Amino acid sequence: MANICILISIVFYLLFMVGVGLWYTRRNTSADDFYLGGRKLGPYVTAMSAEASDMSSWLLMGLPGLAFFNGLADPFWTAAGLALGTYLNWLLVAKRLRRYSAELGAITVPEFFTKRFGDRRRLLQGLAALVILVFFVPYTASGFAACGKLFSTLFGWDYALCMAVSAVIIVGYTVLGGFWAASVTDLIQSVIMTVALAAVLVFGVSSAGGMGAVLDNAGRVAGYLRLDAMGNVLTGETVSYGLLTIVSTMAWGLGYFGMPHILLRFMAIEDADKLKVSRRVGTVWVVISMAIAIFIGIVGYGMVSAGALEGFSSASAAEAIIVSIAKLISRHGVLAALLAGLILAGILASTMSTADSQLLAASSSASHDLLCGLFRMDLSQKRKMLVARVTLAVIAVLGVLLARDPNSSVFTIVSFAWAGFGAAFGPTMLAALFWKRTTWQGALAGMLSGGAMVFVWKFAVKPMGGVWGIYELLPAFLVSLAAIIVVSLATPAPEQEITDTFDAVRAVK
């Protein structure tokens, strides 16, 4: 009976999301509407859709799993970096990008780079589109993996089938409703994610024997509650968490400056002056949500110690901790089972809110930036939207294939894709908005070197361990920034028209 109630809640939620997609189909009269919502988003939709699409499945799976397995330090410093990055992105980038992109008539991030730097060959637009396609495939795969883990853990269904069905639903409402559907559903999903976190936390603390019992049990594991060490719950080993590791972990925050699906929300708000409201709402929600997610992982260990929850054999398995707690809640009657279904819908929400935005950004890159931009194909509005929708489906298929391993870690997949975008686009975006002397050659060098260094550091340097074992985003970001500065200074200054536009946008307060 409990599983039936859970399934009813989830099915109702999924049907509602598809209904939103159908409702907003009529708003898509042009590619501009499909990609950017006609720049008509309100401040609250902008804030919550940006942050819900940012948090993804790692908020309700990756972060609690990390906290459960390794204690407080790693997730705390990660969250601290993300909170700081979130605030600075809203403060420094949002308003200027909204005004600059509108001034240039750019509706995608790659198109903004090309028009900002006066790249007549459109190499920047093509390269940026390829970066988006390359890194959004694994990012989308992480979302599909989360859906597969959810249903296979809950109902014992086949992982691959669950993952594929989830992908079809996400693709369905995104194809139908475009940017409007993705943004409005993200707002709804952020509310559901909040309810899920609160419900799990309250039940978890109660089941573990109260707050005192939770902290006592966690304190028995050496290093578990420290910020300068990590304690493994299986081995009992304590690993030092030094300054270099803290800086490396906090470097997650640098990724925000290059996240296309977040930057598009800045470009889409109806009034740049309303971004102050969006910044406050979005930042507060992010801080509270991450704090609760981390504490749920620690509460989960308290539940295991109290015998209320079975343990987990690995960090990847621990990512299903909220699923396990929701199953316990479902045993307390029909209403509790329906609530459990809503909690599990929250995991779907965290996944879907990111996957729909990523798929949309990737599809616009293929149709608008590659075909119409780099290859200069003259497509009608109808054909542009058709190509975007087909591309969206193809990327989803690739994501499903990449996530076919049920043992893959959501947190690990997301961290790599996050580094890719942060290093390739982050320094380029900051230079585009704040350094007038940046040239298109410098921007191109920054994108190439940053994206390449993520692969080099991840697979060649990081395995060496020691001081080389830092998060790949930090060295790749610095390499990209250096390349932009050196190459820009070594190439002819931008044309007068480009610098005049830069000055005009900067002059607007």
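If you're wondering where the values come from, they're calculated on a predicted model, not measured in any experiment. Values below: all heavy atoms of this structure, side chains included; hydrogens, waters and symmetry mates excluded.
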CA sep, side-chain torsions, deciding dist, call: W252, S415, side-chain contact (heavy atoms from CB on, under 4.5 Å): CA-CA 8 Å; W252 271 77; S415 70; 3.3 Å; yes

Exceeds 12 heavy-atom contacts within 6.0 angstrom, atom CH2 of W468: no

Nearest heavy-atom neighbours spanning R98 and I269: NE-O, 2.6 Å

Test applied, ring-ring contact (aromatic ring centres under 6.0 Å, His included); reference residue, F266; option that passes from Y256, W90, F257: W90

Distance in Å, E111 CD paired with R122 CZ, rounded so as to fall on 0.5 Å steps: 8.5 Å

Can you list, pair by pair, the side-chain donor-acceptor contacts under 3.5 Å of residues 287-295, counting residues two or more places apart and other chains?
residue: S289; atom: OG; partner: W285; partner atom: O; Å: 2.8

Over 12 non-hydrogen atoms of neighbours within 6.0 angstrom of CZ in F434: yes

W418 and F135: CA distance, side-chain angles, deciding distance, side-chain contact (heavy atoms from CB on, under 4.5 Å) verdict: CA-CA 8 Å; W418 186 270; F135 286 109; over 6 Å; no

Nearest heavy-atom neighbours spanning Q125 and D119: N-OD2, 4.5 Å

Heavy-atom closest contact (L97 atom, L263 atom, distance): CD2-O, 3.7 Å

Considering all heavy atoms, the nearest F502-A432 contact: CE1-O, 3.6 Å

Residues D273, R99: salt bridge by 4.0 Å N-O rule: yes

A476 to G450 - nearest heavy-atom pair and separation: CB-O, 3.6 Å

OG1 on T283 to CD on E51, rounded to 0.5 Å: 6.5 Å

Sole candidate of Y100, F425, F117 that passes ring-ring contact (aromatic ring centres under 6.0 Å, His included) when paired with F112: Y100

Test log, rule side-chain hydrogen bond (donor to acceptor under 3.5 Å, both in side chains), inputs T245 and Y471: CA-CA 8 Å; T245 308; Y471 183 31; over 6 Å; no

Atom pair OG1 (T46) and CG (L264), whose distance is rounded to the nearest 0.5 Å: 11.5 Å

Donor-acceptor contact present, side-chain R265 to main-chain H261, <3.5 Å: yes

side-chain contact (heavy atoms from CB on, under 4.5 Å) between K462 and E472, intermediate numbers included: CA-CA 8 Å; K462 193 172 183 177; E472 55 269 20; 3.2 Å; yes

Enumerate donor-acceptor pairs with a distance under 3.5 Å from any side-chain N or O in residues 440-449 to protein atoms, sequence neighbours excluded.
residue: Q441; atom: OE1; partner: T439; partner atom: OG1; Å: 3.4
residue: S449; atom: OG; partner: A445; partner atom: O; Å: 2.8
residue: S449; atom: OG; partner: G446; partner atom: O; Å: 3.3

Y44 OH: over 12 foreign heavy atoms closer than 6.0 Å: no

Trace of the side-chain contact (heavy atoms from CB on, under 4.5 Å) decision for W457 with L473: CA-CA 9 Å; W457 198 276; L473 173 55; over 6 Å; no

Nearest heavy-atom neighbours spanning P43 and E270: CD-OE2, 4.3 Å

